[in-house]
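Let me begin by presenting the structure, written as structure tokens, before commenting on it.
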Amino acid sequence: MKSITITGSKRESVGKKAAKALRNAGQVPCVLYGGDEPVHFNAGELAFKGLVYTPDAHTATLELDGTTYMAILQDIQFHPVTDRILHVDFYQIFEGKEVTMTIPVHYEGNSRGVRNGGVLRKTFRTLRVKALPKNLPDFVVADITKLKIGDKLYITEIEQGDWKYLHPDNTVVCQVRTSRNMVEDIDDEDEEETESTEATEQAANPEA
């Protein structure tokens, strides 16, 4: 998994007035949990661009006054009107200790069922996984190519790696549902065979 470096400064003042002053100065108040004690710090708004505004998951390398911490994003608060980042919580991670994280699902492939008028219903857009930090994926792939109308894709059928999915094996990640625009679900091989048969019949009966 890729890591985004965020450079900040530790802070001792943690009240509302101090947080407001930081935001007015273009800084974001943050807290790092998971260690011996919480670490309060602040960093510039632009430092979070590569971590927050991305479709993939990333770890964070926090460089605070000469000390480096590995962490993952735990919670983030946005202003309800301006969408500016108000506060960020991080959770410290350690190289030899497994961590739980929410990972995005990338759907790939051209489903037969969708081509025949079905509708792809994505039950999950993210999944919870557990792994060592070095084995965490940026995203996991769900290949929907073989799904016909009525088919379901279970979590055991998507990308597997050096991580564990924290969902039951019967979890349905997505499925192709019927719709009003549905047509008969014909296999690609059946289509080729039909075209071949029609061509043979036309050759045998040129006047038809």
Side-chain angles (χ1 to χ4, degrees), residues 1-4 6 33-34 48-61 70-78 80 83 85 87-193:
M1 174 177 287
K2 296 178 182 177
S3 181
I4 302 297
I6 295 176
Y33 297 100
F48 299 91
K49 183 177 180 181
L51 182 65
V52 177
Y53 306 106
T54 173
D56 299 333
H58 300 298
T59 58
T61 300
M70 290 177 57
I72 58 174
L73 181 65
Q74 187 174 47
D75 187 41
I76 184 167
Q77 297 176 18
F78 294 94
D83 279 339
I85 300 174
H87 189 274
V88 181
D89 287 342
F90 289 93
Y91 187 82
Q92 188 173 358
I93 58 178
F94 302 90
E95 193 61 45
K97 185 177 179 180
E98 289 187 324
V99 62
T100 298
M101 192 171 182
T102 300
I103 304 297
V105 179
H106 284 199
Y107 289 90
E108 297 183 357
N110 188 5
S111 166
R112 277 179 45 199
V114 174
R115 294 201 306 271
N116 288 320
V119 176
L120 178 67
R121 180 181 178 184
K122 300 175 181 178
T123 311
F124 287 89
R125 296 184 182 275
T126 60
L127 293 168
R128 298 282 287 176
V129 307
K130 186 175 184 179
L132 293 173
K134 66 178 182 179
N135 295 330
L136 287 169
D138 295 344
F139 57 86
V140 293
V141 175
D143 188 354
I144 64 171
T145 303
K146 296 182 179 180
L147 292 185
K148 297 183 292 184
I149 293 175
D151 283 354
K152 299 177 180 179
L153 188 69
Y154 292 92
I155 197 166
T156 53
E157 301 174 283
I158 68 173
E159 181 184 9
Q160 305 294 316
D162 294 326
W163 59 82
K164 177 183 178 182
Y165 290 107
L166 300 182
H167 302 268
D169 288 347
N170 62 351
T171 298
V172 176
V173 178
C174 67
Q175 58 184 308
V176 177
R177 306 287 294 273
T178 59
S179 72
R180 295 181 179 179
N181 298 323
M182 183 186 69
V183 297
E184 184 180 359
D185 193 354
I186 301 177
D187 196 321
D188 294 338
E189 294 181 358
D190 293 339
E191 291 178 352
E192 294 177 359
E193 182 178 348

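What you are looking at is a predicted structure, and each value in this text was computed from that prediction instead of being measured.
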Between D162 and L132, is there a side-chain heavy-atom distance shorter than 4.5 Å?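 No, too far: nothing below the 4.5 Å cut-off.
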Quick one: pull up [atom1] in [X] and [atom2] in [Y] and give me the separation to the nearest 0.5 Å.
X: T59; Y: L51; atom1: OG1; atom2: CG; result: 8.5 Å
X: D75; Y: H87; atom1: CG; atom2: NE2; result: 9.0 Å
X: L120; Y: D151; atom1: CG; atom2: CG; result: 11.5 Å
X: I103; Y: Y165; atom1: CD1; atom2: OH; result: 9.0 Å
X: K130; Y: N135; atom1: NZ; atom2: CG; result: 13.5 Å
X: D89; Y: L73; atom1: CG; atom2: CG; result: 8.5 Å

What ring pair (Phe, Tyr, Trp, His ring centres under 6.0 Å) pairs are there with at least one residue in residues 140-161, not counting sequence neighbours?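 Counting only pairs at least two positions apart or across chains, no ring pair (Phe, Tyr, Trp, His ring centres under 6.0 Å) contact touches residues 140-161.
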Would you check, one step at a time, whether the test side-chain hydrogen bond (donor to acceptor under 3.5 Å, both in side chains) holds for D56 with T54? CA-CA 5 Å; D56 299 333; T54 173; 4.9 Å; no
Determine the minimum heavy-atom distance between [X] and [Y], stating which atoms define it.
X: M70; Y: P133; result: CE-CB, 4.1 Å
X: T100; Y: I72; result: O-CD1, 3.7 Å
X: K2; Y: D138; result: N-OD1, 3.1 Å
X: A57; Y: M1; result: O-CG, 3.7 Å
X: V140; Y: W163; result: CG1-CZ2, 3.8 Å
X: K152; Y: E157; result: O-OE1, 3.8 Å

Is atom CZ of F48 surrounded by more than 12 heavy atoms (other residues, nucleotides or ligands) closer than 6.0 Å?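 Enclosed: over 12 neighbouring heavy atoms sit under 6.0 Å from CZ of F48.
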Could you walk me through whether Q92 and F90 pass side chain to side chain contact (heavy atoms under 4.5 Å, CB included), step by step? CA-CA 7 Å; Q92 188 173 358; F90 289 93; over 6 Å; no
L147 backbone acceptor or donor facing S111 side chain under 3.5 Å: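 Looks like yes, one N/O pair under 3.5 Å.
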Partner of I158 under side-chain contact (heavy atoms from CB on, under 4.5 Å), chosen from V105, L127, T171, I144: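 For I158, the side-chain contact (heavy atoms from CB on, under 4.5 Å) test succeeds with only one of V105, L127, T171, I144, which is L127.
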I would like to know whether T61 and S3 meet side-chain hydrogen bond (donor to acceptor under 3.5 Å, both in side chains); could you show each step before the answer? CA-CA 6 Å; T61 300; S3 181; 2.7 Å; yes
Report the relative orientation of the aromatic rings in F124 and H167; use parallel for angles under 30°, tilted for 30 to 60°, perpendicular for over 60°.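 Perpendicular, since the angle between the ring planes exceeds 60°.
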